[in-house]
Amino acid sequence: MTIEPVTELGGGGALRLPRARVVPLSAPPAAYTAAVERYLTGAGIAKSSARIYRISLTTWGWMLASEPAPTGPARRGAKPPVFPITAIDDPALPEALAELAAARADETDADTVNRELSIARKAIGWWQRQGWIDGDPTIGIERRPAPPDRTKALAENQIAALWRLDVSLREKTFWKMLYESAARGRRGAVPERRRPVPAGQARQDHRQGRGDRVDPLAVRHRPAPAPTDRPPHPRPDVPHRSQGPCRNTDARRMP
């Protein structure tokens with residue numbers, strides 16, 4: 001970014017205020033597809049995520065060219081249109097883009113649409129910081145609300161058949177953990193210290209039959225152990241011994 005020097009206007013002594021001018025960090029690529037590759041390699045995108053980013057930005061390539069993105073079998077082998085990256089600054093693009101995004105949201109699930117919108121905005125922001133484009137045509141496009149989960153819990157005979165499946169012990173252990181905790185699959189995959197599961201709420205949801213809050217594997221939940229008023233067993237004092245075993249064999253073992 002450079003600052004133009006201050007110069008006088010006329011003989012009245014009035015000064016023209018300095019104005020900032022964004023200087024591109026590098027020459028803008030000739031085509032949108034090249035800008036996508038520059039973004040994937042220069043923005044620190046992980047290799048495991050680059051494929052998903054490329055697919056989403058390719059889909060937006062049709063809409064940024066004011067064309068509907070192909071879906072279903074028509075997507076296979078379809079080549080995105082070729083247009084310069086500066087076409088994103090077209091003043092007429094935001095209105096057309098909003099209509100195309102709305103039409104795509106009607107044909108695609110909300111999670112996919114929201115993920116593609118998030119990726120497109122990240123790429124556009126990176127291109128703006130490079131000085132290749134000025135505007136963001138996605139402003140005004142809202143994220144789609146995810147539909148409610150209507151999954152239901154499995155019956156007891158289905159649970160019994162599940163335990164008889166010939167799968168690895170690791171999978172059965174994970175299923176058993178979800179079954180006993182009444183946690184949803186996505187929540188059970190997150191460590192409890194980061195996202196705790198309210199066990200009381202899970203039991204209440206199951207008793208009321210709300211399948212949208214109970215994991216399909218969670219048919220019942222073991223009741224929590226009743227609180228006890230018995231004081232904890234005092235830890236016995238182990239005297240210091242300079243020789244012999246370090247453990248006091250006379251003291252009772254802790255439960």
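Position 1 is the first residue of the sequence; numbering continues from there.
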Original post:
With distance as the sole test, does S56 use its side chain to make a donor-acceptor pair with the main-chain N or O of Y53 at under 3.5 Å?
Top reply: no
Report task. Take atom CZ of R75 as the centre, draw a 6.0 Å sphere, and report whether it contains more than 12 heavy atoms from other residues, nucleotides or ligands. Result -> yes
Output for pair (L165 CG, E171 CD), nearest 0.5 Å, gives 11.0 Å
Rounded to the nearest 0.5 Å, the CE atom of M63 sits from the CG atom of L97 at a distance of 6.0 Å
Query - Validation row: K122, Y39 side chains within 4.5 angstrom (heavy atoms) - result: yes
inquiry  = Taking the side chain as everything from C-beta on, heavy atoms only, tell me whether V113 gets closer than 4.5 Å to D109.
reply    = no
Rounding to 0.5 Å, atoms CG (D134) and CD1 (I88) come to a distance of 11.0 Å
Closest non-hydrogen atoms of S66 and L93, given as atom of the first, atom of the second and distance, are OG-CD1, 3.8 Å
### Message
Between E116 and L57, is the side-chain contact (heavy atoms from CB on, under 4.5 Å) condition met? List the steps.
### Response
CA-CA 7 Å; E116 292 176 348; L57 292 175; over 6 Å; no
Applying salt bridge (Lys or Arg N to Asp or Glu O under 4.0 Å) to R144 and not counting sequence neighbours gives none
Fill in: Whether over 12 other heavy atoms sit under 6.0 Å from E142 CD
no
On a heavy-atom basis, the closest approach of I124 and G135 is CG2-O, 3.9 Å
To the nearest 0.5 Å, atom CD1 of I55 lies from atom CD1 of I119 at 9.5 Å
Does the side chain of P68 come within less than 4.5 Å of W62's, by heavy atoms?
no
Quick check on the 6.0 Å ring-centre criterion: do W127 and Y32 meet it? yes
**Report entry** R121/I139 under side-chain contact (heavy atoms from CB on, under 4.5 Å): CA gap, chis, key distance, verdict
**Finding:** CA-CA 9 Å; R121 283 176 172 168; I139 295 177; 5.9 Å; no
- Query: Is E180 close to K176 at the side-chain level, that is, under 4.5 Å between some pair of heavy atoms?
  - Reply: yes
Checklist entry - Are V82 and T33 close enough that some pair of their side-chain heavy atoms sits under 4.5 Å apart? => result no
Step-by-step side-chain contact (heavy atoms from CB on, under 4.5 Å) determination, T71 to R104
CA-CA 9 Å; T71 57; R104 178 168 175 76; 3.6 Å; yes
Interatomic distance, CD@E67 vs CG@L100, rounded to 0.5 Å, equals 9.0 Å
Residues pairing under salt bridge (Lys or Arg N to Asp or Glu O under 4.0 Å) where one sits in residues 77-97, two or more places apart or in two chains, turn out to be none
Run the numbers on R143 and S118 for side-chain hydrogen bond (donor to acceptor under 3.5 Å, both in side chains), then give the verdict. CA-CA 9 Å; R143 295 173 59 87; S118 177; 4.9 Å; no
Rounded to the nearest 0.5 angstrom, the CD-CG distance for E156 and L162 is 13.5 Å
Q: Say whether, by atom type as modelled, one donor and one acceptor occur between the side chain of T58 and the main chain of R54 under 3.5 angstrom.
A: yes
- Query: Do I133 and P28 have side chains that get closer than 4.5 Å, going by heavy atoms?
  - Reply: no
Next on the checklist: Can you confirm whether or not the ring centre of W163 sits under 6.0 Å from the ring centre of Y179?
Outcome noted: yes
For R38 and W132 the tightest heavy-atom approach is NH2-CZ2, 3.2 Å
Taking every heavy atom of P81 against every heavy atom of G61, the minimum-distance pair comes out as CG-O, 3.9 Å
